[in-house]
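Everything below concerns the one structure shown next.
Lettering of chains follows the sequences in order, A, B, ..., and the numbering in each one begins at 1. Since the model is a prediction, treat every value here as computed from it, not as a measurement.
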Protein chains: 2
Amino acid sequence: MTRPAKRITSSDVARAAGVSRATVSFVLNDRPGLSITQETRRRVLEAAQRLDYRPHASARSLAAGRSDVVLLSIPDLPIGSGISRFVEELATALAAYGLTLVTHLAGAHGRPLPDVCASVDASAVIGFDPFDHDTIQALYRAGARVVIPPDADPPAATGHLGRAQADHLISRGHRRLGYAAPAHAGYRAMAEERLRGVTDACAEAGIDPPVVLTTTLEIASAAQAVTHWAERSVTGICAFNDETAIAVLAGLYHHGLSAPADLAVIGADDIPTARLATPPLTTVCYDLHQAGRQRAEAVVAGLTGHQDDVALTPAIPQVVQRSST
Amino acid sequence: MTRPAKRITSSDVARAAGVSRATVSFVLNDRPGLSITQETRRRVLEAAQRLDYRPHASARSLAAGRSDVVLLSIPDLPIGSGISRFVEELATALAAYGLTLVTHLAGAHGRPLPDVCASVDASAVIGFDPFDHDTIQALYRAGARVVIPPDADPPAATGHLGRAQADHLISRGHRRLGYAAPAHAGYRAMAEERLRGVTDACAEAGIDPPVVLTTTLEIASAAQAVTHWAERSVTGICAFNDETAIAVLAGLYHHGLSAPADLAVIGADDIPTARLATPPLTTVCYDLHQAGRQRAEAVVAGLTGHQDDVALTPAIPQVVQRSST
DNA sequence: GCGCGTTACCTACGCGTGTTAGTACGTTAA
DNA sequence: TTAACGTACTAACACGCGTAGGTAACGCGC
């Protein structure tokens, strides 16, 4: 077991560089409007690097009244690789502004979000689900200066995914759709939003609402759902996500059937194994690259006081066409 | 957009309760060895609750020299649901000790771990991969008081997964094994450790080392690997993880072959779609529930100074027998 | 010599806590 | 009467940093 090393403070750097602590602070924070000799600046930077100086975050945020921590709250559901890509993109974009992203699984047993926000002294909080009003107030009281989404319309945005699935199937001639809902309770809210998109698209196309069936990730369960859909002449399935879609494909295979001839299946999220399914799965997903970047910009705009300048345009889902539709 | 609320400090609580700030601190931290009247205690608690007082984490950790934040570093790889279960378990166990877990995706582009550790002022850092010595030193310098794994034998533990895979195949009579390595660069280190376990198991069983081939998650790539293995009379494949294993299954299917008749395939991690593969995938995984709880205990032991009392017994991998072997 | 402006830095305060060393007020013991 | 001791608090310092305000040195014009 390696022993803890002593903490390096800005006084240590100041002493090593032969200047005052204030000068160290000016140099390291690149304070504008102050004149520091190139030579002094160099000495400070060299000393800081040599000592591997890292400002004490707590002291800094206490003094400056703001931290560089951004908290991402992830709902209590099995994390898919899509979220992971989103997180990576977001973290990268924030890092470019000197901000650090940490995530927190808002599980049922964990601490309430405002507590976590206070614990890490986050200056911004990003969520997936919209927060209710009380939570937002508590987050502000816990020290957050920016909260995203504030209370805007992301539910509608989530519905877009389902709408894109349905539109795709309808455009390929399907007139009777099914919806494969997940059994996992944690998915409930998100599944209902995606379903709403499907239902809306059906209504606009003038066809019946989708036949909704719940399936677990067991082949037997999916096979049973396939039987039900067949009985009701359903020809195209929108699945809650790719895993559910792959379950449906497995259910088809179990009956000696296959997509898209017997039943077209479209998933959501584009997980890595989607392309490895038999047949390779058609799916929809957001441009997470863009979504992450946009969230990062919104945070930065909020922190610098221009929060009204950036509107969160709902991300546009894209269809990844493969062979299951 | 709701407007930020003013921060409540312990002075506010003290004023509201008609006592000094010090008394508030004593009451809220339940300081032992001090006598506080029941009545005073009640007044303080009531005032704190009424004002929704939350101690400023930065100020507290500055003054006390410790924070209640535990940082979990997750390697740069698509997060599987297994990790998510592990994180949930860990967060719950830590919350019971008043500690807050936040996670950080150690992506290639993100900030170096010590920076993040310093940013959130974490008092403990938990990692998956073993940290190298320099990183550990930097983490201590960044303010961490406990680092897990310290530098112990988790490489061996990680290797256990590969060993379990190989042992399983060998026990079923396979004498010539292959290893399916991932193409993704972020997986490199972890893949090599798992491969080492396979190689060790082969050596102990007195058979040739595995035929290592790299494959992407494209069917064509996997099919090519399958051809190579067939040419070298390989009968059983240990895949780096389930996704790679599913790619191998898809490669087999592409040639009109199937597991386990033509080639046995075993994955790792037990992702949700593993049971949905054709055929359902045999795989190995850790008991993450137990692993999370154990890490939490190690952190607490470390923070309270009894770090030598808790030995991290390497988690024991379990084989999930399905139909691909 | 004096006033003024600029450059290059330093002194000193405050952020909101935890915590040590006290203080004021009893009660008891010698 | 005074010392000793326990109770129930409070005053004041320290943590490491950002930053407002100051100051010494120097140049320049008159």
>> Using every non-hydrogen atom in the two residues, find where B:Val125 and B:Ala144 come nearest and quote the distance to one decimal.
In response: CG2-CB, 4.0 Å

> What is the minimum heavy-atom distance between A:Val44 and A:Val24, and which atoms define it?
Replying inline: CG1-CA, 4.1 Å

> Between A:Thr9 and A:Ser11, is there a donor-acceptor pair closer than 3.5 Å when you use the side chain of the first and the backbone of the second?
Replying inline: yes

>> Just the rounded figure in Å: distance from P of C:dT19 to CG of B:Leu28.
In response: 13 Å

> Does B:Thr23 have a side-chain nitrogen or oxygen under 4.0 Å from the phosphate oxygens OP1 or OP2 of D:dC9?
Replying inline: no

>> If we check side chain to side chain contact (heavy atoms under 4.5 Å, CB included) with A:Leu45, which of these qualifies: A:Gln49, A:Arg41, A:Arg42?
In response: A:Arg41

> Tell me: CG of A:Asp68 to C1' of D:dC17, nearest whole Å?
Replying inline: 14 Å

> What is the distance from CD1 of B:Ile36 to P of D:dG6, rounded to the nearest Å?
Replying inline: 18 Å

> Can you check the B:Asn29 CG to C:dT19 P distance for me, whole Å?
Replying inline: 7 Å

>> So does A:Glu88 get a backbone contact from the side chain of A:Thr92, meaning a donor-acceptor N/O pair under 3.5 Å?
In response: yes

> Rounded to whole angstrom units, what separation is found between the CZ atom of A:Arg31 and the C1' atom of D:dG21?
Replying inline: 12 Å

> Which residues, if any, of residues 44-61 of chain B bring a heavy atom under 4.0 Å of DNA chain C?
Replying inline: B:Tyr53, B:Pro55, B:His56, B:Ala59, B:Arg60

> Which of these nucleotides, C:dT7, D:dC15, C:dT19, is closest to any side-chain atom of B:Leu62?
Replying inline: D:dC15

> Hey, are the side chains of B:Tyr140 and B:Arg145 touching, using non-hydrogen atoms and a 4.5 Å cut-off?
Replying inline: no

> Would one find a side-chain N or O of A:Arg41 under 4.0 angstrom from OP1 or OP2 of C:dC9?
Replying inline: no

> In terms of side-chain heavy atoms, does B:Asp121 have a donor or acceptor partner in B:Ser67 at a distance below 3.5 Å?
Replying inline: no

>> What is the distance, to the nearest angstrom, from the CD atom on B:Gln38 to the P atom on D:dA8?
In response: 10 Å

> Under 4.0 Å between a side-chain N or O of A:Ser25 and OP1 or OP2 of D:dT19?
Replying inline: no

> Which residues, if any, of residues 8-21 of chain B bring a heavy atom under 4.0 Å of DNA chain D?
Replying inline: B:Val19, B:Ser20, B:Arg21

> Hey, does A:Ala64 reach any base, or is it just sugar-phosphate, or nothing, if we go heavy atoms under 4.0 Å?
Replying inline: sugar-phosphate

> Is it the case that more than 12 heavy atoms not belonging to B:Arg188 sit under 6.0 Å from its CZ atom?
Replying inline: no

> Looking for any heavy atom pair under 4.0 Å, which part of the strands does A:Thr37 touch: base, sugar-phosphate only, or nothing?
Replying inline: sugar-phosphate

> Just how far is it from atom CG of B:Leu94 to atom CD of B:Glu297, taken to the nearest 0.5 Å?
Replying inline: 10.5 Å

>> Which nucleotide wins on minimum distance to the side chain of A:Ala63, given the candidates C:dC10, C:dG14, C:dG18?
In response: C:dG14

>> Can you measure A:Phe26 atom CZ to D:dG16 atom P for me and round it to whole angstrom units?
In response: 20 Å

> Picking from D:dT19, C:dT20, C:dA8, which would you name as closest to the side chain of A:Arg66?
Replying inline: D:dT19

> Yes or no on side-chain hydrogen bond (donor to acceptor under 3.5 Å, both in side chains) for A:Thr100 and B:Ser119, after CA distance, side-chain angles and deciding distance?
Replying inline: CA-CA 7 Å; A:Thr100 304; B:Ser119 284; 3.2 Å; yes

